[in-house]
There are 2 protein chains.
Amino acid sequence: MSLTSSEENYIKAIFQLQVKDGMVSTNEVAAVLQTSAASVTDMLKKLKTKKLLVYEKYKGFKLNGEGRKLALMVLRKHRLWETFLVKILHFNWDEVHEVAEQLEHIQSQQLIDHLDDFLGNPAFDPHGDPIPDATGKMPFQSQMNLNKFPFQINGEVTAVGSQSPDILSLLEHKKITIGARIKVLQRFAFDNSFEIQINNKEQAHISAQLAEQIYVKKL
Amino acid sequence: MSLTSSEENYIKAIFQLQVKDGMVSTNEVAAVLQTSAASVTDMLKKLKTKKLLVYEKYKGFKLNGEGRKLALMVLRKHRLWETFLVKILHFNWDEVHEVAEQLEHIQSQQLIDHLDDFLGNPAFDPHGDPIPDATGKMPFQSQMNLNKFPFQINGEVTAVGSQSPDILSLLEHKKITIGARIKVLQRFAFDNSFEIQINNKEQAHISAQLAEQIYVKKL
DNA sequence: ATCTTTTTTTAGATTTGTCTAAAATAAAAT
DNA sequence: ATTTTATTTTAGACAAATCTAAAAAAAGAT
Ligand SMILES: [Mn+2]
Ligand SMILES: [Mn+2]
Ligand SMILES: [Mn+2]
Ligand SMILES: [Mn+2]
């Protein structure tokens, strides 16, 4: 079963939406891929024909086992390439997403196997997201959203929910990186913003919107 | 000026044909790209509109300055990726062509610059072909075809004319590699075949057809 | 010089992926 | 329960890249 670049982009988007929401809607996918709802419907028919998802019109849809397996392979490629770009070619973590979006579509099992070995079979990408292994298994990470992280407990930043340059440059400005130490000092009910301490030094004020994108684990 | 993958494949093929033959014909390009003559004509119109080549119908064609510059950049990407695959990911030299054929189309100036630096700005790819630098300049190599190489002179294999797996596996069988020492012992007028010595040890008999694909420089 | 063959171009069709506008359905509001 | 709004699907069009078959032009042969 080989997929076009376009098909790969769709199943990856659907996979990431269904992890959060269960069932996925046409408009959600259109928003993520920045395309029209009509184009999404076209692709849904095609992917249904290829037996990669469960779909009845007007009822929503989700990937089946085969679809999930293929989506995990695209995610694997994407995250391995991101790791390569940052670790080996010294890109900044906010510069890699667009290029990985292209590289993930290169068709060569040998390439991705060798790349994985060369990188030392990394478990997480530069944004802290888990990299599926060759069988599609994801390493477990006991991370939780910063919004739900308890007060006055030492945590470590493990992942960032979005890779938009806007968010990443804000995080860089606040010196919040993957691996940074973090402690929630105070929460403001008015706007659900937080005061946090970073690396036992700087303090920063985090909007609810931003906190939603930051994942943390207890130390 | 950005090109589609297809356009890049065409200008690269045309460039390599015009280096040998001067003017290029529709059928030559069709043969190299394994497509129909009609498809080549379609693309010629498109590339003419984009002002990348000189073309009048039925009269043949060749790239202009801008076309050559872009072709060199595709060649640069292709050969840098091949170098990466062999040197870093430990592919064999006869396994890289197809993957590089895909990787050469990744659009990112930063990527190719960083890759070049990471590889140490290599001058030649695993097949001995020169890699254009960032300005499009090719390193000079005083190589000549094995057919024209003088007798009893020590030479070194510098390049192979084709990357077809058929040729490369034959070369591997005869232990002819890039960098191998070579000496022409005898030539047979009947079929223009050669007896040669490799690395001052093994002898091998080389058909005219094969010799045409082997490039050598004097030591 | 005319005929034949080869090469090249045109004409028209197909596939993939996309779009806009309109129609159908579902969800929300009154 | 209607009406209104939002979502989703369909219909029809378009651009890119390809193909086959036919026509046109050039090259080669007699
Ligand atoms: Mn992509
Ligand atoms: Mn990532
Ligand atoms: Mn290519
Ligand atoms: Mn090469």
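It should be emphasised that the depicted structure is a prediction, and the values quoted were computed from it without experimental measurement. Just so we're on the same page: letters track the sequence lines, and every chain starts at 1.
- As rounded to whole Å, 16 Å separates atom C1' of D/dT9 from atom CE of A/Met43.
- Ring orientation note: the planes of A/Phe61 and A/Tyr55 are nearly perpendicular, at an angle over 60° on the 30°/60° scale.
- Among the protein residues, B/Thr26 comes within range of the sugar-phosphate backbone only, with heavy atoms under 4.0 Å from sugar or phosphate atoms but none that close to a base.
- Under a 4.0 Å N-O distance rule, the pair A/Lys50/A/Glu7 qualifies as a salt bridge.
- The phosphate of C/dC19 (OP1 or OP2) has a side-chain N or O of A/Ser36 nearer than 4.0 angstrom.
- For B/Lys45 and C/dT10, the NZ to P distance is 4 Å, given to the nearest whole Å.
- Taking atom CZ of residue B/Phe61 and atom P of nucleotide C/dT7, one finds them 14 Å apart after rounding to whole Å.
- Legend: salt bridge (Lys or Arg N to Asp or Glu O under 4.0 Å) pairs involving residues 99-110 of chain B, not counting sequence neighbours, sorted by first then second residue: B/Lys12-B/Glu101, B/Lys12-B/Glu104.
- Neither OP1 nor OP2 of D/dT10 sits under 4.0 Å from any side-chain N or O of A/Thr41.
- Across D/dT18, C/dT18, D/dT8, the shortest atom-to-atom separation from the side chain of B/Thr35 is found for D/dT18.
- A salt bridge links B/Arg76 with B/Asp116: the closest approach of a Lys/Arg side-chain nitrogen to an acidic carboxylate oxygen falls below 4.0 angstrom.
- Separating the CD atom of B/Glu7 from the P atom of D/dT18 is a distance of 10 Å, rounded to the nearest angstrom.
- Ring-centre distance between A/His97 and A/His127: not below the 6.0 Å cut-off.
- Between B/Ser39 and D/dT18 there is no side-chain polar atom (N or O) within less than 4.0 angstrom of OP1 or OP2.
- Here the nucleotide nearest the side chain of B/Ala38, chosen from D/dT7, D/dA21, C/dC19, is D/dA21.
- Remark: A/Asn27 is not in phosphate contact with D/dA6, judged by side-chain N or O atoms under 4.0 Å from OP1 or OP2.
- Rounding to whole angstrom units, CE of residue A/Met23 and P of C/dA26 are separated by 14 Å.
- A heavy atom closer than 4.0 Å to some atom of DNA chain D occurs in A/Tyr55, A/Lys57, A/Tyr58, these being the qualifying members of residues 47-60 of chain A.
- With B/Glu28 contributing its side chain and B/Ser25 its backbone, the two residues share a donor-acceptor pair below 3.5 Å.
- Backbone-only engagement by A/Ser6 is indicated by non-hydrogen atom pairs under 4.0 Å involving sugar-phosphate atoms exclusively.
- A straight line from CD of A/Gln34 to C1' of C/dC19 spans 15 Å, rounded to a whole angstrom.
- Separating the CG atom of A/Asp42 from the P atom of D/dA13 is a distance of 15 Å, rounded to the nearest angstrom.
- By the 30° and 60° cut-offs, the orientation of the rings of A/His205 relative to A/Phe188 is tilted.
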